[in-house]
**Q** 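Before I ask anything, let me first share the structure, which is written out below as structure tokens.
Per chain, numbering begins at 1; letters A, B, ... match sequence-line order.
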Protein chains: 2
Amino acid sequence: MQNRQPTEKSDPVTITLTDRLFDTLQRAIVEGEIQSGSKISEPELARQHGVSRGSLREAIGRLEARKLVERKPNLGARVVTLSYEQLIEIYQVREALEGMAARLAAQNMSDREIAELQSLLDEHGRQIEEVHGEAYFQKQGDLDYHYRIVQGSKNRHLIGLLCNDLYHLLRMYRFQFGMRSKRSRQAYDEHHYLLNAIAARDPEMAELLMRQHIRSSRRNVEKMLLEN
Amino acid sequence: MQNRQPTEKSDPVTITLTDRLFDTLQRAIVEGEIQSGSKISEPELARQHGVSRGSLREAIGRLEARKLVERKPNLGARVVTLSYEQLIEIYQVREALEGMAARLAAQNMSDREIAELQSLLDEHGRQIEEVHGEAYFQKQGDLDYHYRIVQGSKNRHLIGLLCNDLYHLLRMYRFQFGMRSKRSRQAYDEHHYLLNAIAARDPEMAELLMRQHIRSSRRNVEKMLLEN
DNA sequence: TGAGTAAAATGTGTCGACACTTTTAAAAAG
DNA sequence: CTTTTTAAAAGTGTCGACACATTTTACTCA
């Protein structure tokens, strides 16, 4: 008897046409390929991707749920318009949700997960040394780190909200506002303090540090955008 | 020249078939008319409501976005199954988000809104006197109160998450778990303290009080469900 | 020439039909 | 009678078509 799927009951992971389309469009929107604020023509997009309008419509519906497009009856869908105000709002929501995530992570992350995150962080540290605090870290590393903390909360609602809804919107801003941070060294340190609090199983402190971390991240963004 | 619509640019508020269907189904699910955990047959539901499957499908998609139904490819949609664990998770998310909402409300609510909320609260107080702390308050009054605070945050993301996504799921639990609170007097008092903090424009205190309020509300639910 | 109107073109909302998948029921094998 | 195989039924995913709404274009009249 050979090795098959892991012991889990493997539901046949069917990927529907709408699924693929949704992923494609989401990526295109996040990366600015489809311009922010632009109108979406159903017939045209459907033709471009070789699918029927029905399938496209469902995909657009999901994008709407993630607040990447806005839709008005009979007028059609537009890609959301990015704004400074909205970005601040997102940071406020993140502060609340990720603060709670950190609190719960301090209670619920397994020792193994904490150890893995520790190595990930060490890896980041090395990269910062190398490139002297350059871009890569903030761009992907930061997201990875936050992603793991959120997962560590084990709260599926929280995870869904942050990793499905907000995550992509935030990525969209990072892409299109060119938000490379000049404080990766400081962010790295903050990540360390936070992880220590989690490892010490101190929920109160973990939440506090996460909120501070996101707040300074927000201030950094504010400064950066005002220069512009 | 006669009075017309208020000065706002009145986009023709067209209500699409899918919209109506969505509202109907949402109500039915929240109130338990369509049983929690039950499978949804598209052809049957479509026939019952006299619409095509396409429209129904879009409505189901929106319900899925609000986490009122779960969908698996080729297997169809089911109404979510309510669970104790999930309810706790929702309270944790609420604590984070509404805490932030209260903080922002202390900064952003207008004096007028605060005054109105004050009268609403007085009204509640009278009702509690009358019926000696009976059901009505917790059921609708509590929701109204929280709703206004959230609106007062002026953060559209926060408002969307709480008033669109979470609100109905929470109502579903209240309906189906028969969650009438025996602590309406205490809740009323807590509402008062919180409003005072908001009126004093003290964000820190407002957040603290809101979080405490939701936490005790959660503890109350825990107790109630363990008795059962 | 320009404001207003009519008509064409485009776009969205809704529907019914068909292909393929899953579930149920019936038949066959042990 | 239980288990396996096969066939029917029901259900979901996807499509193309049509009705109505909105936008654009062409035309009329001042």
**Q** Are the side chains of B:M172 and B:V80 in contact, using a 4.5 Å heavy-atom criterion?
**A** yes
**Q** Check the distance between C:dT24's C1' and B:L75's CG and give it to me in whole angstrom.
**A** 15 Å
**Q** Rounded to the nearest angstrom, tell me the gap between atom NZ in A:K72 and atom P in D:dT22.
**A** 13 Å
**Q** What is the distance, to the nearest angstrom, from the CZ atom on A:R78 to the C1' atom on D:dT23?
**A** 13 Å
**Q** Using only atom types and a distance under 3.5 Å, with no angle test, would you say the side chain of B:Y84 pairs donor to acceptor with the backbone of B:L225?
**A** no
**Q** For A:Q86 and A:Y173, does a side-chain donor sit closer than 3.5 Å to a side-chain acceptor?
**A** yes
**Q** Just by modelled atom types, is the B:R20 backbone N or O under 3.5 Å from a matching donor or acceptor in the B:T24 side chain?
**A** yes
**Q** Can you tell which of A:D165, A:D19, A:D23 makes a salt bridge (charged side-chain N to carboxylate O under 4.0 Å, His left out) with A:R62?
**A** A:D19
**Q** Let's go through A:V221 and A:F177 carefully: what are the C-alpha distance in whole Å and the side-chain angles of both, what is the deciding distance for side-chain contact (heavy atoms from CB on, under 4.5 Å) to 0.1 Å, and is it a yes or a no?
**A** CA-CA 10 Å; A:V221 167; A:F177 277 20; over 6 Å; no
**Q** Report yes if some heavy atom in the side chain of B:L194 is under 4.5 Å from a heavy atom in the side chain of B:I149; otherwise report no.
**A** yes
**Q** Taking the basic N atoms (NZ, or NE/NH1/NH2) and the acidic carboxylate oxygens, is any pair closer than 4.0 Å for B:E98 and B:R211?
**A** no
**Q** In residues 37-44 of chain A, which ones come under 4.0 Å of DNA chain D, going by heavy atoms?
**A** none
**Q** Between N or O atoms, less than 3.5 Å apart, protein on one side and nucleotides 14-18 of chain C on the other: list the pairs.
**A**
| residue | atom | partner | partner atom | Å |
| --- | --- | --- | --- | --- |
| C:dT14 | OP1 | B:T16 | OG1 | 3.0 |
| C:dT14 | OP1 | B:L17 | N | 2.4 |
| C:dT14 | OP2 | B:T16 | OG1 | 2.5 |
| C:dT14 | OP2 | B:T18 | OG1 | 3.2 |
| C:dC15 | OP2 | B:S52 | N | 2.8 |
| C:dC15 | OP2 | B:S52 | OG | 3.1 |
| C:dC15 | OP2 | B:S55 | OG | 3.0 |

**Q** Between P on D:dA21 and CG on A:N74, what's the gap in Å once rounded to a whole number?
**A** 8 Å
